[in-house]
Amino acid sequence: MNYLISYDHSENYDTEDITNAILSISNGCVKLLKSTWIIKHKGKASDIRNCLKPHIGIGVKLVVVKLHREAAWSMSLDHECKIWLEIYF
């Protein structure tokens, strides 16, 4: 299943911990925007949230959404993102 992960943080927030956590739980992923990922994961959205929650700072907002087989994007996405979306959607 594909999930969208997005988090909202301040300008000086160090994203290394959350990035490593996302990479460790995913079975394939692509970083779409600065704080937005799509990952492949066999569990539920709440499982992903529970795994990532310890890796986000205080006041950082996190959302995990299960995606379906339809997607649209603009040409401004980089080539790797477009290829990933075309393969998995």
Side-chain angles (χ1 to χ4, degrees):
M1 291 174 271
N2 294 319
Y3 291 90
L4 177 89
I5 299 171
S6 186
Y7 47 93
D8 189 15
H9 59 80
S10 63
E11 287 290 321
N12 57 356
Y13 180 72
D14 182 4
T15 60
E16 183 177 359
D17 194 28
I18 186 74
T19 297
N20 289 336
I22 290 168
L23 293 173
S24 73
I25 66 168
S26 70
N27 186 21
C29 64
V30 64
K31 185 175 183 179
L32 293 177
L33 304 169
K34 290 181 183 180
S35 302
T36 305
W37 296 73
I38 294 179
I39 71 166
K40 296 187 78 54
H41 189 273
K42 292 182 180 181
K44 298 178 183 179
S46 59
D47 296 335
I48 297 168
R49 180 210 50 213
N50 293 342
C51 288
L52 298 180
K53 197 171 179 182
H55 302 281
I56 61 172
I58 295 171
V60 175
K61 299 171 187 170
L62 171 70
V63 64
V64 180
V65 179
K66 183 178 178 181
L67 300 175
H68 295 280
R69 302 291 293 170
E70 184 177 346
W73 56 89
S74 70
M75 294 303 291
S76 60
L77 289 178
D78 66 30
H79 182 71
E80 178 187 351
C81 291
K82 285 186 232 177
I83 296 298
W84 201 94
L85 289 169
E86 289 169 359
I87 290 171
Y88 295 108
F89 281 90

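For the pair V63/Y7, no side-chain contact is recorded, criterion being any heavy-atom separation below 4.5 Å from C-beta on. A 4.5 Å side-chain heavy-atom check between L52 and I22 finds at least one atom pair inside the cut-off. The shortest side-chain heavy-atom distance between I48 and I25 falls under the 4.5 Å cut-off.
Rounding to the nearest 0.5 Å places CD1 of I18 at 6.0 Å from CD1 of I56. Taken from NE2 in H68 to CE in M1, the straight-line distance is 11.0 Å, to the nearest 0.5 Å.
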What side-chain donor-acceptor pairs closer than 3.5 Å can you find for residues 30-43, not counting sequence neighbours?
residue	atom	partner	partner atom	Å
K31	NZ	K34	O	3.4
S35	OG	H9	NE2	2.8
T36	OG1	S6	OG	3.4
K40	NZ	N2	OD1	3.4
H41	ND1	G43	N	2.8

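Scanning both residues, P54 and C51, for their nearest heavy atoms gives CD-O, 3.4 Å.
For the pair D47 (side chain) and K44 (backbone), a donor-acceptor distance under 3.5 Å is present.
Residue pairs satisfying the side-chain hydrogen bond (donor to acceptor under 3.5 Å, both in side chains) criterion with at least one member in residues 19-28, sequence neighbours excluded, are absent.
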